[in-house]
Every structure is written in C-alpha cells, then in structure tokens.
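Residue numbering restarts at 1 for every chain, and letters A, B, ... go by the order of the sequence lines.
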Protein chains: 2
Amino acid sequence: MQRLNLEEIGRLAGVSRSTVSRVVNGEANVSNTAKERVEAIIAETGYRPHAAARSLASNRTGVIGLVIPSAAETLFDDPYFGRLILGATSASNDMEMTLALFLFEDESDQQSIIRRVIGSGLVDGVIVTAAEIGNSVPDVLRRANLPFVLVGRPDDETVSPHSIDLDNPGGAMLAAGHLADLGRTRPALISAPSNTTAGIDRHKGFIEGLANHGLDVEDRTAEGNWTEASGQTAMTSLLPLEPDSVFVASDRMAVGALRAIREAGLTCPDDIAVVGFDGLIPADQTTPRLTTVMHPVTEIGHRAATLLKSLLDDPDHPAERVMYESQLMIRESCGHQESAS
Amino acid sequence: MQRLNLEEIGRLAGVSRSTVSRVVNGEANVSNTAKERVEAIIAETGYRPHAAARSLASNRTGVIGLVIPSAAETLFDDPYFGRLILGATSASNDMEMTLALFLFEDESDQQSIIRRVIGSGLVDGVIVTAAEIGNSVPDVLRRANLPFVLVGRPDDETVSPHSIDLDNPGGAMLAAGHLADLGRTRPALISAPSNTTAGIDRHKGFIEGLANHGLDVEDRTAEGNWTEASGQTAMTSLLPLEPDSVFVASDRMAVGALRAIREAGLTCPDDIAVVGFDGLIPADQTTPRLTTVMHPVTEIGHRAATLLKSLLDDPDHPAERVMYESQLMIRESCGHQESAS
DNA sequence: GTACGGTTTGGGAGCGCTCTCAGGAAAGGG
DNA sequence: CCCTTTCCTGAGAGCGCTCCCAAACCGTAC
C-alpha cells in the first residue's frame, strides 16, 4: 500500500504540495476554491500527515511526556497518580496532543529513560511530578533545556520556573482549625513521608494551625508512606497515647487509621475524630464518611498540561507558579460541627 | 545551541556519517578502532539520535500505544488499569520503547484519537483493552493494518489474531467449587457488567461451576459496574434472599459487598462467605481478609507489550492467543476449608 | 495603459536519519 | 605474485514534511 503524501494529494487536487500543506495546517492565504478541492480529496482518500516527517521539518512532535519518578509499586495504591494522569490526558486530548508516560521502577530506569527522552526530540516538553527531595530529574531537564512543568512544590526554587501546586500548608491548617473548633484537645498526626515536599508542607501546616489555637501534637506523631497499611500501623502505634483526634495526611492512610480505630474497639468520631487529605476516595467508601481536605488533582493535571502547552507555544512565557487553594470537606468522621456548638 | 547530528559526530571522529550510524545502531562490520573512536565522541558530546529523523527514514517510531476505550471516570477506581499500565510500562522500558497513553472520555474523543493515531505513523502498534462488546476500535485498527494486541477476550474472534486473556470462566469455577466444598448451599452472584466479555465469562463460569456440584444461584444474582458502591448496593439487594455465600466478580465490588454485610449486622464468613476476583487489593485491606481468584494483571500488561514487540519485529508472526490460568487464593472470607472437614 | 499594493501559488532547500551500493582495504588461496 | 573472498567504509538518494522566497495573479488607482 502506497503511502499518501502531500505531493500526491496535490496532484489529485491539481495544486502544489505547498498549497496542500497550507490547507492541512489551516493557514490563511489560500483561495476558497483551492481549499475546497484539497479538503475534498483529503476526505476522499483519508490522508493523514506523517507525524515523523512533520516533526523533522518543524521540530515539534505534538507529544508531551508525563514523568513520574516514583517507585512504581506504590504508584497505583493511591488514586492520586491515576487522577493526575486522567487530568493530563484530558487536556492533551483537547489540545490534540499525545501523552507519553514515563514511569521509573528504579534508578537505572530513570537514567535510561532520561537519556532516551533528552535530546532525542521525542517529546516537546514534559510534566514532572515531584518525587523525593533531591531527585535529580528536574535539574537534568533544566540543564537540557527541555520545557517542563513541575507538579508539586520544587524543593529548590531555582530548579523550575513553572510549577503547579496545592496549598498544602493551608489545607492542613484548615484541618487543625476544624479539630480545634470541635473542642478536641489531644490531636495526633499521621504524616506523609518527610522526604517529599507535600509531606513536609502538610506536617508543618498542621502543627502551625494547632499552635494558632494553642494546641500541640506533643509526641503524638507517626509517619506513614501513603499506603493504607502504613496508616493502620501508624494509628495503632498512636492509640496508647490516647489522642482524641488525628489528622492523616492522605485519605488512603486515613482508611487504614479508621480500621485501626475500629479494630481497637474504639469508635470514630466519638472516641477519635479523623480528618483526611486529598478527597480522592468516594465518600461512601468509609464508615463513617471521611471529613477531608479536598485536593483537585484532576484539575491540577489538566492545568499542568495546558500550562506546558503555553510554554511550548511561547518560549518567553513568564515564570508561572500556580497555587490551588484547598477546601475542607466536612462529612462525619469528626462529628457534627454546628450541632456541637 | 547547534544540534549535533551524525555528520558532525562523524567529522569529530574522523569517519563518515554511515559509520557513526552503524555504531549507534550496534551493527556488525565496524572495525574496533572506528567503533571506539565514535563511542568516545558520543560519550563526550552526549549525542542522541533524533527520533523523528530516524522514524522518517526507517518507518519505525519506537512508540507503542496503550488504548483504553473506557469511560475515564471509572477508570482508576479499580486498580486494574493501573496495574495494566504498570506492566506495559515495565516491558516498554526493558525494550527501550516509549509508551503513549490513549484514554477516551467519550465517543468523540475516540473518533479524534483514532484518526490521529491511524496513518500518521505516530506509533508502531498498540495494545487495546477490551471494552464494551461491540466497540469498534479493534475493527478500525484491523482495517487500518496497524499491528495490535488485544487484552481480554475479543467479542468477535475474527477481529484480532492476537490476544492475551485470563481464563475467566476457569477462575469463576474455582470460586464455585470452593464454596461448594465448604458446604455452602445458597450461593449468590454479584456479576460484572454483562456488556463486557470478562463480565459474561465470570458469570458463566460461576453458574457452570455451581452446576457441577448440583448447586444453583436461582434468583440470587445482581449486576454491578466494577465500583465499590455498586458492590454494596448489589449485596444489600441480595440479603433478603438469605444467601449463605456470594461470588463477587471483582475485589473492589467485593469490598462493597463486605461493607453491606457488616452494615446489615451480619458477619463474614460465618453468615455469608465471600469470594472476590482479581487479587489486586492488598490482603490486609479487608476484614476479614478476602479469598479471591488471582488475576496476574501486571504480568498480562507486560506480556501484551512484549508480544506486540514480536509482531513489530516479525510481520509474519503467527496468530497468538495467550491464556493465563487463574488461581484461587484462599484467605479468610469463606472460613477455613481444612479444619471444617 | 501602466503602476502598484496585496493575495495566492509553486518550487527549492533542507530537517537528520537509514538504506543500498559500489569501491577500497585486508586477508587468504592457488 | 595475482586473484578471489571477506570485511569495512563513504557517498548518494530519499523518507514527507515545513519554511522561505520569488513569481504570478488580481483588482484598483492614476
């Protein structure tokens, strides 16, 4: 089967390659008659421009990469990455771009993928999710001059001009305020890994929020690793300290915490109030329904892709740091606020 | 910044473009001295071949697509797709290929993506997951002569020569046999959507497995849509029929069923034994630990990618239908088998 | 009738690579 | 010592597109 090309379409339509190219790319300065003839032929033949040839000539590929430099195993236990992928995909579809996925299973993967992506012109730019603090990916990208957008707070501000993040400290402060307002006086904290900026920010925000109300976690803290199991373990270890409430830095971990509470024969919210973070778990999947800080992950993924596209279209795009506000979603795991007052 | 190319590397190494190309592609018939000189220059300069140029000349892109023609919303509620992506990614990494992700949110997405992928040479081939019966994607791919591998059972055998699937009926029969062996006599079934081959096969296998033991679900059946909420709803609707056991066609739905049982004041496994399907949920995330039929999804994703690669390397690759056996993982949600006898 | 802007069109060059082929060098046999 | 075989190398062509420039065309104004 002979591949159709511009020249051939032009021959059939009685115009030149150049004119066909202009029609295909929707450029101005083409007469209506020529345009119609060409479009008819294209519809008739089902012609599609060849992506590689186009890339070679124009130095653009129409592909953006989504780079997730995390251990792959923990990746789909939490709905976070799925939602991020969804948002980025949706935006890519809208922009007629293609999304390529780069997951690293280990350090050597990271090396080989980075090497393959950089300088090969495979992608026009990438979205990178913040991984452990000190991860070298953003820095490598910056030095390679590959346009990229960071999702999450950069651990080093100089490394990336463009980033999209949630106000993690603010969200955690909301949680702290909520618990304080309900009269809880012995709050505990199950934090996310302290080698991630999200983990640090949520931790810090919660402590600060408590301090604003004259409260303190004292030694009622434990660290999880985002998994449900780690939340359960952490909660179990905190129970002897008799907390009357706990802020858990992710919903998935909060589910584990709820189980630990239930298995210890205690009840939520009567004995212990629980606030989660992310809002990615359907409300009716927990008993009681989990009060949590909302994190618009899908929207963030979407925004990351559109911002990246802006960078590609305009190399002088000014540095942009998008910050999403978090909101507290009050459900049942902390008891009733209004009726309590 | 001037882009490095073969010619330039050749100049620096004192050889021709062609020789550099041979070294880069690991071809034979290059003298050791030339090879070493070229490799030294490449290492020194950090040269990477330009993907688009290579594609244009060789008609291969090194990119494979993963096509998931499903409503995106339900996509990441179940860990299934995440695992599939993980497996395919891992294999792609090993093969030095890039994985592009194509998710459809609606019918118009499907149209536009398919159009963009086909004939543009964007990808060398694709992995397609089976969607609702009657979905046109596989047929379109076949007619476009784009190599592809189907994950799941094709609803029409003629549409795809290559497929990778799990023995869904066999797995469901194992579940039926297990319940029968434990002396359960009033089994119920919460099935997966009947417009998917997996849904049909698991349903059929379970009914058949029961029949082999002289059992029947009678009217104790309900259909879910893979979500946890639907599992809960389905179980709640079945409780008045007083089943003593239930086979749930996915773990996520089984978690919902467990909650329905608990909320009705019944206990599992004493009042109702539960068997799930997929084995994708960590054992300790359910109470009691869920007995389930294992589904090696990650491995299936991996195998799909390697099979696709074989097709690309050898266009005459014989039709291949890979079928994975399922295994029953006995945990606690059906009670003890050995000690009961 | 000529001159002049603006619009439309076609062709050349070139993006960086692979593939084929032919020629030169090295190695081995008579 | 010459001829054949094998190994290695370089040059040419071409993949299908975009970008740029110059030519052709159009209508209007003088």
field: Phosphate contact (D/dT18 OP1 or OP2) by A/Ser21 side-chain N/O below 4.0 Å
entry: yes
message: It should be established whether B/Ser16 places a side-chain nitrogen or oxygen under 4.0 Å from OP1 or OP2 of nucleotide D/dG10.
response: yes
Interatomic distance, B/Asn29 CG vs C/dA22 C1' [rounded to whole Å]: 15 Å
- request: Let me know the distance between CG of B/Asn25 and P of C/dC17, rounded to the nearest Å.
  value: 10 Å
Centroid-centroid under 6.0 Å between B/His295 and B/Tyr324 rings: no
query: Should the pair B/Glu320-B/Arg303 be classified as a salt bridge under the 4.0 Å nitrogen-to-oxygen rule?
result: yes
query: Salt bridge between B/Arg115 and A/Glu96, side-chain N to carboxylate O under 4.0 Å?
result: no
query: Any donor-acceptor pair under 3.5 Å joining the side chain of B/Arg48 to the base of C/dG16?
result: no
query: Which heavy atom in A/Asp124 sits nearest to a heavy atom in A/Leu146, and how many Å separate them?
result: O-CD1, 4.0 Å
statement: Ranking A/Glu7 and B/Thr33 by the position along DNA chain D of their nearest nucleotide, the one closer to 5' is B/Thr33
query: With a 4.0 Å cut-off on heavy atoms, is A/Ala28 in touch with a base, just the backbone sugar-phosphate, or nothing at all?
result: nothing
- prompt: Just how far, in rounded Å, is C1' of C/dA13 from CZ of A/Arg17?
  reply: 9 Å
query: Given atom CD of A/Glu8 and atom P of D/dC15, what is their separation to the nearest angstrom?
result: 12 Å
statement: Heavy atoms of B/Leu150 and B/Arg153 approach each other most closely as CD2-C, 4.0 Å
query: Can you tell me if the side-chain N/O atoms of A/Tyr47 get under 4.0 Å from OP1 or OP2 in D/dC17?
result: yes
field: N/O (side chain, A/Ser31) to phosphate O (OP1/OP2, C/dT9) under 4.0 Å
entry: yes
- prompt: Between C/dT8 atom P and A/Arg22 atom CZ, what is the distance in whole Å?
  reply: 10 Å
task: Indicate, with a heavy-atom threshold strictly under 4.0 Å, whether A/Asn59 touches base, sugar-phosphate, or nothing.
output: nothing
- prompt: D/dG10 phosphate, OP1 or OP2: any side-chain N/O from B/Thr19 under 4.0 angstrom?
  reply: yes
query: What's the NE2-P distance between B/His50 and D/dC17, to the nearest Å?
result: 16 Å
message: What is the distance, to the nearest angstrom, from the CG atom on B/Leu56 to the P atom on C/dG14?
response: 17 Å
query: Looking only at N and O atoms, is any donor in the side chain of A/Ser18 or the base of C/dG11 less than 3.5 Å from an acceptor on the other one?
result: yes
field: Length of the line joining B/Arg54:CZ and C/dC15:P, which is rounded to integer Å
entry: 18 Å
